[in-house]
> 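After the structure tokens below, expect a handful of questions from me.
To find a chain, count down the sequence lines: A is the first, B the second, and so on, and within it residues start at 1.
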Amino acid sequence: MTLTIASWNINSVRLRMPIVKRFAETARPDILCLQETKVRDEDFPFSDLRELGYDHIEISGQKGYHGVAILSRLPLEEVTRGPFCREGHARHISARIGAGTGAAAGLRIHNFYVPAGGDEPDPAVNPKFDHKLDFLDAMTRGPAERHLVPERAVVVGDLNIAPLETDVWSHKALLKVVSHTPVEVEAFARVRAAGGWVDAMRERIPPAEKLYTWWSYRSPDWSAADKGRRLDHVWLSPDLLDGLGAIRVFREARGWDKPSDHVPVTAELRL
DNA sequence: ATGACGGTTCTTAACCGA
């Protein structure tokens, strides 16, 4: 079977429901991981999403900020959620695809929303940047109770770091801009190396090519200026690499009505 | 290029995002 997994920072799930529907009907992902849902669990729009075919929904939300969700056509089990690295933020949820789902059974999905890190890339003066680096350290350690183990597992999410020179519109201009500073890129590399995680997007789109998933709301003509960054990622445990199919970045979603500043990414996985 | 935007709430101002 082929499973399509999507990741999308939607910047308010309630406000974005029309384009979540549009994307779900266009890409028809089996698993849709959302970040920045910005809603308390009791106010999560379950029924609207079930209507799109996602009968299995696991969420970790908080009021106004952050929040992650896994929407699935397949049953989910063994969910882990809750604050991942101090601050009490809802920035991680993981679940395993349930038994009785054929070849997909046992696949674990991790959905992360890594802290943006504020403006100043210095942990000594900027607590948000300090938190970002600590969060990445926690991802490197992979707390046992979160099952962040690189076996039959997928890590997706808004990791808020653009690691390659081709992941930003200007490497030189962004070297001191949070999301592309060397200290973050090095921490990001440590997380990936610790698990041997494979950067699935760059398995399909050559690292020499520019690739973005985010364009600032502040750019008056985002597409023409094209000053984007690749902040959203899909990682695979090495055992899944042989099954990797198409990767798609839905750049067009940035031009939809009332868009998120991030676009969805999908990965096909043969299991 | 630290913002010309667009979310949120203790809303009509302040805070946050990246």
> Base, sugar-phosphate or nothing for A:His180? Non-hydrogen atoms, less than 4.0 Å.
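It contacts nothing in the nucleic acid.
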
> Tell me what A:Arg16 touches on the nucleic acid: a base, only sugar-phosphate, or nothing, going by heavy atoms under 4.0 Å.
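Counting heavy atoms under 4.0 Å across all strands, the contact made by A:Arg16 is with sugar-phosphate only.
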
> I'd like to know if the side chain of A:Asp261 pairs up with that of A:Trp222 as donor and acceptor (distance under 3.5 Å, no hydrogens or angles considered).
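A:Trp222 and A:Asp261 do not have a side-chain donor-acceptor pair below 3.5 Å.
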
> Which is true for A:Asp221 with a 4.0 Å heavy-atom rule: it touches a base, it touches only sugar-phosphate, or it touches nothing?
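It contacts nothing in the nucleic acid.
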
> Check the pair A:Lys227 / A:Asp221 against salt bridge (Lys or Arg N to Asp or Glu O under 4.0 Å), numbers first and verdict last.
CA-CA 10 Å; A:Lys227 291 182 173 175; A:Asp221 190 349; over 6 Å; no

> B:dC15 and B:dA1: how far apart are their C1' atoms, nearest whole angstrom?
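The same atom, C1', in both gives a distance of 22 Å.
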
> When you match A:Val177 and A:Lys63 each to their closest nucleotide on DNA chain B, which lands nearer the 5' end?
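Counting from the 5' end, the first nearest nucleotide belongs to A:Val177.
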
> List in chain and number order the residues that pass salt bridge (charged side-chain N to carboxylate O under 4.0 Å, His left out) with A:Arg73, two or more places apart in sequence or in another chain; answer none if no residue qualifies.
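With neighbours one apart ignored, the set is empty.
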
> Could you tell me how far B:dA14 sits from B:dA18 if I compare only their P atoms? Round to whole Å.
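To the nearest whole Å, 23 Å.
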
> With sugar-phosphate meaning primed atoms plus P, OP1 and OP2, does A:Phe129 contact a base, only sugar-phosphate, or nothing at under 4.0 Å between heavy atoms?
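Result for A:Phe129 = nothing.
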
> If we take the P atom in both B:dC16 and B:dT11, what is their distance in whole Å?
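Result for the P pair: 16 Å, nearest Å.
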
> Here's a test of your reading of the structure: between A:Leu15 and A:Pro115, which maps to the more 5' nucleotide of DNA chain B?
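The answer here is A:Leu15.
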
> Across the strands shown, which category fits A:Asp232 at heavy-atom distances under 4.0 angstrom: base, sugar-phosphate, nothing?
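No contact.
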
> If you look at every strand shown and take non-hydrogen atoms under 4.0 Å, does A:Lys132 touch a base, only sugar-phosphate, or nothing?
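No contact.
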
> At under 4.0 Å between heavy atoms, what does A:Asp119 touch on the DNA or RNA strands: base, sugar-phosphate, or nothing?
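The answer is base, as A:Asp119 lies within the cut-off (heavy atoms under 4.0 Å) of a base atom.
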
> Less than 6.0 Å separating the ring centroids of A:His147 and A:His110?
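No, they do not, as the ring centres are separated by 6.0 Å or more.
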
> Looking only at atom P, what distance separates B:dC5 and B:dC10, rounded to whole Å?
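Each nucleotide's P atom is 25 Å from the other's.
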
> Between which nucleotides of DNA chain B, read 5' to 3', does contact with chain A run, using atoms under 4.0 Å from its heavy atoms?
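First and last nucleotides in contact are B:dA1 to B:dA18.
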
> With rounding to whole Å, what would you report as the distance between B:dT9 and B:dG3 at their P atoms?
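Their P atoms lie roughly 26 Å apart.
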
> For a quick check of understanding: with a heavy-atom distance under 4.0 Å over all strands, which category does A:Lys227 fall into, base, sugar-phosphate or nothing?
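Base contact.
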
> Are the aromatic rings of A:Phe188 and A:Trp197 close, with centres under 6.0 Å apart?
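No, the ring of A:Phe188 stays outside the 6.0 Å limit from the ring of A:Trp197, centre to centre.
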
> Can the ring centroids of A:Trp169 and A:Tyr212 be said to lie less than 6.0 angstrom from one another?
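No, too far apart.
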
> Give me each pair satisfying salt bridge (Lys or Arg N to Asp or Glu O under 4.0 Å) with a member in residues 19-30 of chain A, each pair once, sequence neighbours excluded.
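As it turns out, the salt bridge (Lys or Arg N to Asp or Glu O under 4.0 Å) pairs with a partner in residues 19-30 of chain A, which skip direct neighbours, are A:Lys21-A:Glu25.
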
